[in-house]
Colleague: 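Structure below; questions to follow.
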Amino acid sequence: MFYKNIVASAALLTGVLAAPTPSALPQGFPNPNTTELEAIQKAAGGELSNAPPPASVNASSVPVFQLINFNENFEVAFFNSLVYNITNDVPGFQIPWGGEKASLLNILTSVLAQEELHALNAGGVLTHFNAFAPPPCVYKFPTTDLASAIALSQTFTSLVLGTLQDAAEGLAINGDHGPVRTVASVIGEEGEQNGFFRSLLNRKPAEKPFLTTSVATFLFSSLQDFVVSCPFDLNQIPIPRLPTIKVLSGNSGSDVQPQDQTLTFSVDLTGVEAAKPYYGSPEAANALFITYLTGQNLPVSKPINSIAWSGEVMTFQADFPFEEFTMSGLTVAALTTANNYTGPDDIAASTLAAPALIQVNDPIL
Ligand SMILES: *[C@@H]1O[C@H](CO)[C@@H](O)[C@H](O)[C@H]1NC(C)=O
Ligand SMILES: *[C@@H]1O[C@H](CO)[C@@H](O)[C@H](O)[C@H]1NC(C)=O
Ligand SMILES: *[C@@H]1O[C@H](CO)[C@@H](O)[C@H](O)[C@H]1NC(C)=O
Ligand SMILES: *[C@@H]1O[C@H](CO)[C@@H](O)[C@H](O)[C@H]1NC(C)=O
């Protein structure tokens, strides 16, 4: 596939080192003036809705919009950096064919503008109801070549697609049916983006019949791994933040083989109050579980074993039941104190760390 060539070849080229980060977010984001907003909407291929906001939103829905805003701010910064790197031929991001480079930049510039509008939409709801709208933070990205950047885009977009399910359900429970239509439209839009990222990576565009679900606490925790600093107190967003879990198997979880196997994990539980009874004790930690979310299945909990502690860092193993649950695409995992969950909403309250992101890729060729 030609896209595969683009992604693979960029990593092989080397060149003059360009400035590593763009200086500012594009088009006046997060406060574009009318001219800049017009430019964003043109690039995005559509507009912020001109429908009036709902008459009210339940106070319980405010964190839903705050998390969406916080996440979209991260996505804007990520795609802005990616567009910058490709445009400026940063080593690892060089595409040697002018036509292909222009076409990829055209698509990613549009993705960037779409993410800006998603952020402005969520921020607009918050501002309208006099709630705190989180401004962008300073971020760090672990990726230094095109292939890994597209792979990361694919994984975090899948996690977002899972968490927007949680947002839609939360709004419904809170009696805020109005914004559910918009959230559903964003789910479809991000799914279209992800199909493209997956094609670039030589994966079939649609990963599963029912995309893996996730919950707000897991996405908010995961995003902390990209945050260097924020110009506000993170406690202004009342969603818990947990340490994330590293997957040591399958290329850091990004390429786990499609088969039953034992996976190895590591987690730094420093500062987690509920984890203190387990510190240093493999015997105590034997009572813990890895709980998997895959597709729309009920949570699957497996006991952890082969536990080793180094200070407050625990390394452990757990079965990954690929065959029984056909775990292609993204699986989201949590380190939990229970194994009797009746749905995704129950998990966060008894979770010590999450998420671990496990990606099973079925290459097309
Ligand atoms: C918006 O900002 C841009 C860049 O700062 C400026 O060129 C433009 O004149 C501004 N437009 C309006 C309507 O203020
Ligand atoms: C852009 O390139 C810089 C320098 O290699 C890198 O640190 C950064 O993570 C890259 N951005 C993305 C989105 O991969
Ligand atoms: C607001 O949300 C809470 C929590 O979901 C719910 O108990 C309450 O009934 C909602 N209020 C209205 C007016 O729907
Ligand atoms: C799960 O088990 C815990 C303790 O083992 C118990 O407190 C909790 O009520 C159980 N939850 C369900 C949904 O059965």
Side-chain angles (χ1 to χ4, degrees), residues 6-7 10-43 54-65 73-95 101 104-105 107-109 111-112 115-116 120 129 131 136-157 166-180 193 197 200-201 215-216 223 225-228 238-239 254 343 345-346 348-349:
I6 291 183
V7 169
L12 301 175
L13 296 162
T14 54
V16 185
L17 198 67
T21 44
S23 50
L25 294 170
Q27 293 137 332
F29 184 85
N31 299 303
N33 65 27
T34 49
T35 325
E36 292 163 331
L37 181 60
E38 267 173 40
I40 295 173
Q41 295 188 143
K42 234 181 195 73
S56 64
V57 298
N58 192 324
S60 302
S61 295
V62 166
V64 173
F65 292 104
N73 287 342
F74 156 72
E75 292 198 36
V76 168
F78 184 89
F79 289 114
N80 188 47
S81 172
L82 184 55
V83 165
Y84 175 93
N85 286 356
I86 297 169
T87 305
N88 293 289
D89 297 318
V90 168
F93 295 86
Q94 293 161 308
I95 299 172
K101 177 176 170 180
L104 186 60
L105 279 173
I107 294 165
L108 292 175
T109 303
V111 166
L112 169 59
E115 302 305 355
E116 289 182 282
L120 292 172
F129 292 106
C137 299
V138 176
Y139 307 93
K140 58 176 191 284
F141 311 120
T143 46
T144 52
D145 63 70
L146 185 57
S148 61
I150 297 291
L152 180 60
S153 310
Q154 199 261 263
T155 300
F156 72 62
T157 302
D166 196 51
E169 188 192 72
L171 292 169
I173 290 173
N174 298 341
D176 288 324
H177 67 273
V180 172
Q193 291 181 13
F197 299 145
L200 279 180
L201 296 162
V215 294
L223 289 169
D225 286 347
F226 303 115
V227 168
V228 175
I239 298 173
S254 70
D345 300 332
D346 304 346

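Numbers here are sequence positions counted from 1. Both ligands and their constituent atoms are indexed starting at 1 by order of listing. Atom set for the values below is all heavy atoms of this structure, side chains included, hydrogens, waters and symmetry mates excluded.
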Colleague: For atom 13 (C) of ligand 3, is some protein heavy-atom partner under 4.0 Å away?
Modeller: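 Neighbour list for atom 13 (C) of ligand 3 is empty of protein heavy atoms (cut-off 4.0 Å).
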Colleague: Atom NZ in Lys140, atom CG in Asp225: separation rounded to 0.5 Å?
Modeller: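 If I round to the nearest 0.5 Å, the distance is 7.0 Å.
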Colleague: Hey, which atoms in ligand 1 end up nearer than 4.0 Å to a heavy atom of Thr35?
Modeller: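 Answer, ordered by atom number: 10 (C), 11 (N), 12 (C), 13 (C).
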Colleague: Measuring from Asp345:CG to Ile173:CD1, what's the distance to the nearest 0.5 Å?
Modeller: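 If I round to the nearest 0.5 Å, the distance is 6.0 Å.
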Colleague: Yes or no, since that's all I need: does a protein heavy atom fall within a distance strictly under 4.0 Å of atom 9 (O) of ligand 1?
Modeller: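 It does not: no protein heavy atom is found less than 4.0 Å away from atom 9 (O) of ligand 1.
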Colleague: May I ask whether Tyr84 places a heavy atom under 4.0 Å from ligand 2?
Modeller: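 Not so, Tyr84 does not reach ligand 2.
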Colleague: Could you tell me whether the side chain of Asn80 and the main chain of Val76 form a donor-acceptor pair under 3.5 Å?
Modeller: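 No, Asn80 side chain to Val76 backbone: no donor-acceptor pair under 3.5 Å.
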Colleague: Step by step, work out the side chain to side chain donor-acceptor pair (under 3.5 Å) result for Asp145 and Ser148.
Modeller: CA-CA 6 Å; Asp145 63 70; Ser148 61; 3.2 Å; yes
Colleague: Name the closest protein heavy atom to atom 6 (C) of ligand 3, giving the residue it belongs to and the distance to 0.1 Å.
Modeller: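 Checked against all protein heavy atoms, atom 6 (C) of ligand 3 sits closest to Asn58 ND2, 4.2 Å.
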Colleague: What atoms in ligand 2 come closer than 4.0 Å to a heavy atom of Ser81?
Modeller: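 Near Ser81, meaning under 4.0 Å from one of its heavy atoms, ligand 2 has 1 (C), 10 (C), 11 (N), 12 (C), 13 (C).
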Colleague: Closer than 4.0 Å to some heavy atom of Phe78 - which atoms of ligand 2 meet that?
Modeller: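 Counting atoms of ligand 2 from 1, those under 4.0 Å from Phe78 are 13 (C).
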Colleague: In Å, rounded to the nearest 0.5 Å, how long is the span from CZ of Phe197 to CD1 of Ile107?
Modeller: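 So the gap between those two atoms works out to 9.5 Å.
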Colleague: At a 4.0 Å threshold, what atoms of ligand 2 neighbour a non-hydrogen atom of Ala149?
Modeller: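 Those qualifying, in numeric order: 14 (O).
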Colleague: May I ask you to check whether Phe156 and Phe74 place their ring centres under 6.0 Å from each other?
Modeller: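 Between Phe74 and Phe156, the centre distance is under 6.0 Å.
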Colleague: In the protein, which heavy atom is nearest to atom 5 (O) of ligand 1, and how far is it?
Modeller: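 Atom 5 (O) of ligand 1 sits closest to the protein heavy atom Glu36 OE2, 3.7 Å.
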Colleague: For ligand 1, which atoms, with element, lie under 4.0 Å from some heavy atom of Thr34?
Modeller: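 Heavy-atom distances to Thr34 below 4.0 Å select 13 (C).
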Colleague: Do Thr144 and ligand 2 have an N or O pair less than 3.5 Å apart?
Modeller: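 N/O-N/O distance under 3.5 Å: no.
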Colleague: Do Ile150 and Leu82 have side-chain heavy atoms sitting under 4.5 Å apart?
Modeller: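 They are in side-chain contact.
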Colleague: Taking the ring centre of each residue, are Tyr139 and Phe78 less than 6.0 Å apart?
Modeller: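 Centroid separation for Tyr139 and Phe78: 6.0 Å or greater.
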Colleague: Going from CD on Glu115 to CZ on Phe29, what distance comes out if it is rounded to the nearest 0.5 angstrom?
Modeller: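 One finds 9.5 Å between CD of Glu115 and CZ of Phe29.
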Colleague: Below 4.0 angstrom from a heavy atom of Asn85, which ligand 2 atoms are there? Numbered from 1 as shown, please.
Modeller: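 Answer, ordered by atom number: 1 (C), 2 (O), 3 (C), 8 (C), 10 (C), 11 (N), 12 (C).
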Colleague: Strictly less than 4.0 Å: does any protein heavy-atom distance to atom 2 (O) of ligand 3 fall in that range?
Modeller: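 At least one protein heavy atom is under 4.0 Å away.
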